[in-house]
Student: 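Once you've had a glance at the structure underneath, I'll fire off some questions.
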Amino acid sequence: MSERKSKISASRRLHLKIKLLKTAAVMLEKTKEERIQQKEVTLTEKVPPLQLSGLSVEDLQTLCKELHRKIDVADEERYDIEAKVAKNIKEIEDLNRKVFELKGKMKRPALKRVKISADAMLGALLGSKVKESVDFKVNLKTVKKEEEKKEEVTDWRKNVEAMSGMEGRKKLFDANP
């Protein structure tokens, strides 16, 4: 494995890392401030500030009772949602446990090679759509084999004597079409 030298020097790389960390820290602070501002805006929209000045004791008591009633409603909703979440979590854990147990119990059988005919395969794939058996051999082209020309077995010595000399070469030339 050959080592490649970095195009950036170590001091330059360290300088860039420091800059990146500083900018990341600044961005993190900005996002925190934006979240705080967003929270304040949401609270001012949803919960208007209370006007307590100039209210009598009875008005303050009715206001407190109303606020307590709203708090109780919110607590009931929160409790109901927490109960639903806990129930769902428990159900998910039970289902995961059952799946895990089933995976442990099931053993996959060893697969065996099965020879199947083309008709049976098409029947399995296409179902009852195949009414007539399809014969693939009918669609294949037939090729006639040409019988190889067999040379007669003769005495090779006669053949060598006949082909020797210029006359034999002329016979070979004349014999080839």
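Along the sequence shown, residues carry numbers from 1. The model shown is predicted, which means the values in this text are computed figures rather than measured ones.
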Student: Tell me every residue that passes salt bridge (Lys or Arg N to Asp or Glu O under 4.0 Å) with Asp94, counting only those two or more places apart in sequence or in another chain.
Tutor: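 Arg97.
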
Student: Which distance, rounded to the nearest 0.5 Å, do you find between the NE2 of His68 and the CG of Leu63?
Tutor: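 Interatomic distance, His68 NE2 to Leu63 CG, rounded to 0.5 Å: 10.0 Å.
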
Student: Enter the distance from Leu28:CG to Lys32:NZ here, rounded to the nearest 0.5 Å.
Tutor: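 One gets 5.0 Å once the value is rounded to the nearest 0.5 Å.
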
Student: Rounded to the nearest 0.5 Å, how far does CG of Leu20 lie from NE2 of His15?
Tutor: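 With rounding to 0.5 Å, NE2 (His15) is 10.0 Å from CG (Leu20).
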
Student: State yes or no: do Ile81 and Ile89 share one hydrophobic cluster built from I, L, V, M, F, W and Y residues joined by side-chain heavy-atom distances below 4.5 Å, directly or via other members?
Tutor: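 Cluster IDs for Ile81 and Ile89 match.
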
Student: Around atom CD of Gln38, are there more than 12 heavy atoms of other residues, nucleotides or ligands at under 6.0 Å?
Tutor: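 Check fails, neighbour count at 12 or below.
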
Student: Determine whether Arg69 and Glu66 make a side-chain contact, defined as any pair of heavy atoms from C-beta on separated by less than 4.5 Å.
Tutor: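 The answer is yes; the side chains approach within 4.5 Å.
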
Student: Within a strict 4.5 Å, meaning less than it, do heavy atoms of the Asn96 and Glu93 side chains meet?
Tutor: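 Not touching, per the 4.5 Å side-chain cut-off.
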
Student: Should Glu34 and Lys30 count as an ion pair when the cut-off is N to O under 4.0 Å?
Tutor: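 No, no charged N to carboxylate O under 4.0 Å.
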
Student: Calculate, to the nearest 0.5 Å, the distance between atoms OG1 and CD1 belonging to Thr23 and Ile18 respectively.
Tutor: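 Going from OG1 on Thr23 over to CD1 on Ile18, the span is 12.0 Å.
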
Student: Does Glu82 form a salt bridge (charged side-chain N to carboxylate O under 4.0 Å, His left out) with Arg78? I'd like the steps, not just the answer.
Tutor: CA-CA 6 Å; Glu82 284 178 356; Arg78 183 179 51 82; 3.3 Å; yes

Student: If hydrophobic clusters are built by linking Ile, Leu, Val, Met, Phe, Trp and Tyr wherever their side-chain heavy atoms come under 4.5 Å apart, do Leu14 and Ile8 end up in the same one?
Tutor: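 Result: no, two separate clusters.
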
Student: To the nearest 0.5 Å, tell me how far Asn88 CG sits from Ile92 CD1.
Tutor: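 The CG atom of Asn88 sits 6.0 Å away from the CD1 atom of Ile92.
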
Student: Do Thr31 and Met27 make a side-chain contact, defined as non-hydrogen atoms from C-beta onward lying under 4.5 Å apart?
Tutor: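 When only atoms from C-beta onward are counted, Met27 and Thr31 do not touch, as no gap falls below 4.5 Å.
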
Student: Counting C-beta onward and ignoring hydrogens, is there a side-chain heavy-atom pair between Glu58 and Thr62 closer than 4.5 Å?
Tutor: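 No - every pair of side-chain heavy atoms lies 4.5 Å or more apart.
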
Student: Using a 6.0 Å cut-off, check whether atom CZ of Arg12 has over 12 heavy atoms from anything other than its own residue.
Tutor: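 Incorrect, the count does not exceed 12.
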
